[in-house]
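In what follows, a single structure is set out as structure tokens and then discussed.
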Amino acid sequence: MLSLTHVSRQFERAPFPVIDALSLQVAAGSSISIRGASGCGKSTLLTLIAGLDAPDSGEIIVGNANLTHLKASDLDDFRKNQLGMIYQQFNLLDCFNVWDNIAFTARLKGNYVSARQQALMHMMGIDHLADAPLGQLSGGEQQRVAICRALNHEPALVLADEPTGNLDEMTSDKVAKGLFDVCQKTNTTLIVVTHSADVACLADASYRLHNGKLHQVQPNGHQ
Ligand SMILES: Nc1ncnc2c1ncn2[C@@H]1O[C@H](COP(=O)(O)OP(=O)(O)O)[C@@H](O)[C@H]1O
Ligand SMILES: [Mg+2]
């Protein structure tokens with residue numbers, strides 16, 4: 001489903017590439033977790049897979065799309081139709097309430113079903129917040145809005161950047177299980193960046209990002 005071959009990315013002023021000839025294969029419908037020190041390039045890797053940034057070299061293939069060869073309008077279509085992105089900083093739309101933020105991806109794709117959205121919000125424990133303006137939400141509530149928005153249009157691939165980073169342990173457990181559960185039931189490929197060993201354990205395979213490359217590790221983080 002997802003294939004990265006020798007992908008490299010070096011930023012201006014950086015002495016070495018943050019992603020360095022990295023290769024990765026993820027089967028359709030499976031899940032992986034990625035851990036690594038702050039600043040090691042986890043978010044950068046996700047933005048490359050999302051086609052929001054382009055590698056200096058290497059190839060990224062998602063489904064039957066080779067992102068490195070797509071023109072900008074086709075990349076937009078790829079994201080609209082196939083991708084669910086949970087940003088580390090949420091990137092919610094302040095001018096909309098909770099319901100409309102979550103509905104956004106499905107309305108854009110044209111597969112909005114209010115009952116499906118209701119079920120997702122219930123699973124994430126935010127169904128009582130449908131009418132709330134974003135400014136009234138806690139960080140943890142906003143995080144769950146971002147998760148629902150990324151799942152609501154039934155994408156083929158979900159990229160989650162520290163999706164439980166703002167949640168207490170009990171809520172994190174519930175929300176992470178919900179995220180993995182929805183993806184498993186809908187055969188959605190899931191890539192989760194996390195610092196939590198408990199969240200990493202839920203994935204089919206676990207990796208650590210170090211020196212620009214991914215190394216497969218045991219779910220508890222050991223090599
Ligand atoms: N757009 C950018 N321009 C320049 N440097 C960047 C940019 N994005 C990330 N970086 C740098 O790349 C490194 C990795 O950042 P990031 O991917 O956010 O790390 P992580 O998510 O693992 O904490 C950091 O040193 C960061 O400053
Ligand atoms: Mg990050």
Side-chain angles (χ1 to χ4, degrees), residues 2-24 26 31-60 62 67-68 70 72 75-76 78-79 83-92 138-147 149-151 155 157-168 171-172 175-176 179-180 183 189-203 205-223:
L2 174 67
S3 167
L4 278 72
T5 313
H6 290 113
V7 170
S8 294
R9 181 73 172 104
Q10 179 161 6
F11 291 116
E12 251 178 76
R13 293 186 298 276
F16 46 79
V18 62
I19 304 295
D20 189 7
L22 179 151
S23 295
L24 171 70
V26 186
S31 57
I32 69 161
S33 68
I34 298 174
R35 279 182 282 175
S38 292
C40 75
K42 302 179 297 297
S43 295
T44 300
L45 179 60
L46 293 190
T47 56
L48 291 170
I49 298 171
L52 293 166
D53 185 20
D56 303 318
S57 57
E59 206 166 57
I60 301 175
V62 183
L67 300 195
T68 19
L70 289 188
L75 266 178
D76 288 343
F78 155 71
R79 279 189 292 269
L83 187 73
M85 184 94 179
I86 302 161
Y87 295 91
Q88 191 168 6
Q89 317 294 345
F90 315 140
N91 291 358
L92 298 171
S138 70
E141 287 164 345
Q142 289 184 51
Q143 188 145 44
R144 285 176 280 166
V145 173
I147 293 172
R149 180 180 64 174
L151 297 172
L157 172 66
V158 171
L159 306 177
D161 201 349
E162 304 194 22
T164 60
N166 285 268
L167 304 175
D168 63 79
T171 315
S172 165
V175 165
L179 173 62
F180 277 84
C183 289
T189 310
L190 173 63
I191 299 184
V192 179
V193 164
T194 183
H195 286 294
S196 158
D198 291 340
V199 174
C201 278
L202 298 172
S206 294
Y207 292 85
R208 183 165 288 278
L209 181 59
H210 182 65
N211 287 345
K213 288 193 172 63
L214 283 172
H215 307 272
Q216 191 157 5
V217 294
Q218 298 300 313
N220 59 14
H222 298 139
Q223 302 271 344

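Hydrogens, waters and symmetry mates are skipped; everything else that's a heavy atom, side chains included, is used. Start at 1 and go down the list; that is how both ligands and their atoms are numbered.
Every salt bridge (Lys or Arg N to Asp or Glu O under 4.0 Å) that Arg79 has, sequence neighbours left out, goes to Asp76. With sequence neighbours left out, the salt bridge (Lys or Arg N to Asp or Glu O under 4.0 Å) criterion links Asp198 to no other residue.
Counting heavy atoms of neighbouring residues, nucleotides and ligands inside a 6.0 Å radius, atom NE2 of His195 exceeds 12 of them.
Protein non-hydrogen atoms do not reach within 4.0 Å of atom 27 (O) of ligand 1.
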Show the atom names and distances, to 0.1 Å, of all donor-acceptor pairs under 3.5 Å that link a side chain in residues 85-92 to residues at least two apart or in another chain.
unit_1: Gln88; atom_1: OE1; unit_2: Ser43; atom_2: OG; d: 3.0
unit_1: Gln88; atom_1: NE2; unit_2: Glu162; atom_2: OE2; d: 3.3

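Contacts between Val18 and ligand 1, counted as non-hydrogen atom pairs separated by less than 4.0 Å, involve the side chain only.
A donor-acceptor pair under 3.5 Å links the side-chain atoms of Asp56 to the main chain of Gln10, judged by distance alone. Side-chain N or O atoms of Gln143 include one that pairs as donor or acceptor with a backbone N or O of Pro163 at under 3.5 Å. In this structure, Glu141 contributes its side chain and Ser138 its backbone to a donor-acceptor pair below 3.5 Å.
For Phe11, no nitrogen or oxygen atom sits less than 3.5 Å from a nitrogen or oxygen atom of ligand 1, counting backbone and side chain alike. For ligand 1, none of its N or O atoms has an N or O atom of Gln88 under 3.5 Å away.
In this structure, atom 18 (O) of ligand 1 lies nearest to the protein heavy atom Ser43 CB, 3.7 Å. Looking at atom 15 (O) of ligand 1, its nearest protein heavy atom turns out to be Thr44 OG1, 3.8 Å.
Ion pairing between Lys42 and Asp161 fails under the 4.0 Å rule for side-chain N and carboxylate O.
Here the protein contributes Ser43 OG, Gln88 OE1 as N, O or S atoms under 2.8 Å from the Mg ion (ligand 2).
Heavy-atom proximity to atom 24 (C) of ligand 1, evaluated over Ser38, Gly212, Gly39, Cys40, is greatest for Gly39.
With no hydrogens or angles considered, no side-chain donor-acceptor pair links Thr5 and Ser23 at under 3.5 Å.
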